[in-house]
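Here's the structure, in structure tokens; my notes come after.
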Amino acid sequence: MTQSLPHPALAAADPELAALVGAEERLQADTLRLIPSENYVSTAVLEATGTVLQNKYSEGYAGRRYYEGQQNIDLVETLAVERAKAVFGVEHANVQPYSGSPANLAAYLAFARPGDTVMGMSLPMGGHLTHGWGVSATGTWFNGVQYGVRHDTARIDFDEVRDLARKERPKIIFCGGTAVPRTIDFAAFGEIAREVDAVLVADIAHIAGLVAGGAHPSPVPHADVISTTTHKTLRGPRGAMLMSRATHAKAIDKAVFPGLQGGPHNHTTAAIALALHEAAAPSFRDYAHAVVANAKALAEALLARGFDLVSGGTDNHLVLIDLTNKDVPGKVAAKALDRAGIVVNYNTVPFDPRKPFDPSGIRIGTPSLTSRGLGTDLMPQIAEWIDRGVTAAGKGDEEELAALRGEVAELMARYPAPGLPIAG
Ligand SMILES: *Cc1c(COP(=O)(O)O)cnc(C)c1O
């Protein structure tokens, strides 16, 4: 059977690369993708990222460029900026950061000097590398002091955060993270930041789509700066934004360009504008709430099967499973689940006795499966698969993993993913 190729020019120019792209499309169609930072973008967002806008150099900002020929680019970037301001209710938006890490680095450049003290959640407790962790430039060039979560509740202890902030007087406080299954209390962070005269950066990379869709409280007006990626729950292209009050607009814009970056990626800017248009639609509110409902249903089904969840459950899109009681290390479980067509990542859990490269947990999330239309009724099925996969991992039962892979692919075929040129 001949099928029209989804990327004819690519296939003709480079069959080897086209085959790899095709294989990835197949993989994304057939598997249950549970990595909480991943998603499926719409076909329209994919098209926007593949436009000739990528041919343009546009250093500067709309109306203030260092290159001519910006008649259309200026309008595209302005569209993205205005939509970001509307969706998130902010006074200023910069849509040029290449990704989340450079966006955060720009915040350092804007509000601190090398050697200054900065504060963030520690990586093993759920924070991000760029919040001042040692191996990151942010922990090397700045004096990173770190808060964590309480041992008994696995939630942030605001007395600890306040005491640390009073003692260390950081220039910047970061809140948000990559493995935080609970609502972030932006108001509490804002109060502490104001008390110690620190700039509060709310890094909503993971939850931006939930914030946009009203399924997580907004950091406005508590945070001075909001940093976010655009490719996680927001379901846009790989990119990032920095948003702020008008008072910080100049400092942020100067830090992004010329402070840190050269020309903006205009094709990405276009796709961000489109993703924000999609995020402003009523259906995106439904999506954001469905992501959370799915995560809660999945958490409940996992608890019912004896899984130990960090903090006992979830308020958002993410569930962190501590596999200690299952006697299966996180990495072993993650690799076995991958063979079963269930894609997760191994992750440290708070106070993990194991090493970061071989930790006790796995991290899962519901943004991708919700984009494919799976609902809460299917979450017990997914919990069962995870249970069987983890048990099989412990026993080295490859037959069971292969059987699971077939069952997963069969279900996924019934829920075609956005953006994929092939049916499931
Ligand atoms: C993903 C993430 C980042 C980094 O984004 P990249 O685009 O991978 O550089 C920063 N902060 C948080 C909280 C994140 O989850």
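In each ligand, atom 1 is the first atom listed, and ligand 1 is the first ligand listed.
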Notebook entry, point to check: Has R238 got any heavy atom lying under 4.0 angstrom from an atom of ligand 1?
Noted result: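 The answer is no: ligand 1 sits nowhere under 4.0 Å from a heavy atom of R238.
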Notebook entry, point to check: Does some non-hydrogen atom of G176 fall short of 4.0 Å from ligand 1?
Noted result: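 It does not; every heavy atom stays at 4.0 Å or beyond.
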Notebook entry, point to check: ligand 1 and G100, any nitrogen or oxygen pair closer than 3.5 angstrom?
Noted result: yes
Next item on the list: Is it possible for you to check whether R363 lies under 6.0 Å from the centre of the six-membered ring of Y346, through NZ or CZ, and within 45° of that ring's axis?
Entry: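 No.
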Please work out whether the ring planes of [X] and [Y] are parallel, tilted or perpendicular, with thresholds of 30° and 60°.
{"X": "H131", "Y": "F174", "result": "parallel"}
{"X": "F189", "Y": "Y147", "result": "tilted"}
{"X": "Y108", "Y": "F142", "result": "tilted"}

Next item on the list: Using a strict 4.0 Å cut-off to heavy atoms of H231, name the atoms of ligand 1 that fall inside it.
Entry: 7 (O)
Next item on the list: Just jot down the ligand 1 atoms closer than 4.0 angstrom to any heavy atom of T229, in number order.
Entry: 5 (O), 7 (O)
Notebook entry, point to check: Should the proximity of S101 to ligand 1, defined as any heavy atom under 4.0 Å, be assigned to the side chain, the backbone, both, or neither?
Noted result: both
Next item on the list: Answer yes or no: is there an ion pair linking D315 with R182, defined by an N-O contact shorter than 4.0 Å?
Entry: yes
Check: Is the shortest side-chain N to carboxylate O distance from R26 to D30 below 4.0 Å?
Finding: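 A salt bridge is present here (some side-chain N lies under 4.0 Å from a carboxylate O).
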Could you find the nearest protein heavy atom to [atom] and give me its residue, atom name and distance?
{"atom": "atom 3 (C) of ligand 1", "result": "H128 NE2, 3.2 Å"}
{"atom": "atom 14 (C) of ligand 1", "result": "K232 NZ, 2.9 Å"}
{"atom": "atom 11 (N) of ligand 1", "result": "D203 OD2, 2.6 Å"}
{"atom": "atom 7 (O) of ligand 1", "result": "S99 OG, 2.4 Å"}

Check: Can you check whether P367's main-chain N or O pairs, donor with acceptor, with Y287's side chain at less than 3.5 Å?
Finding: yes
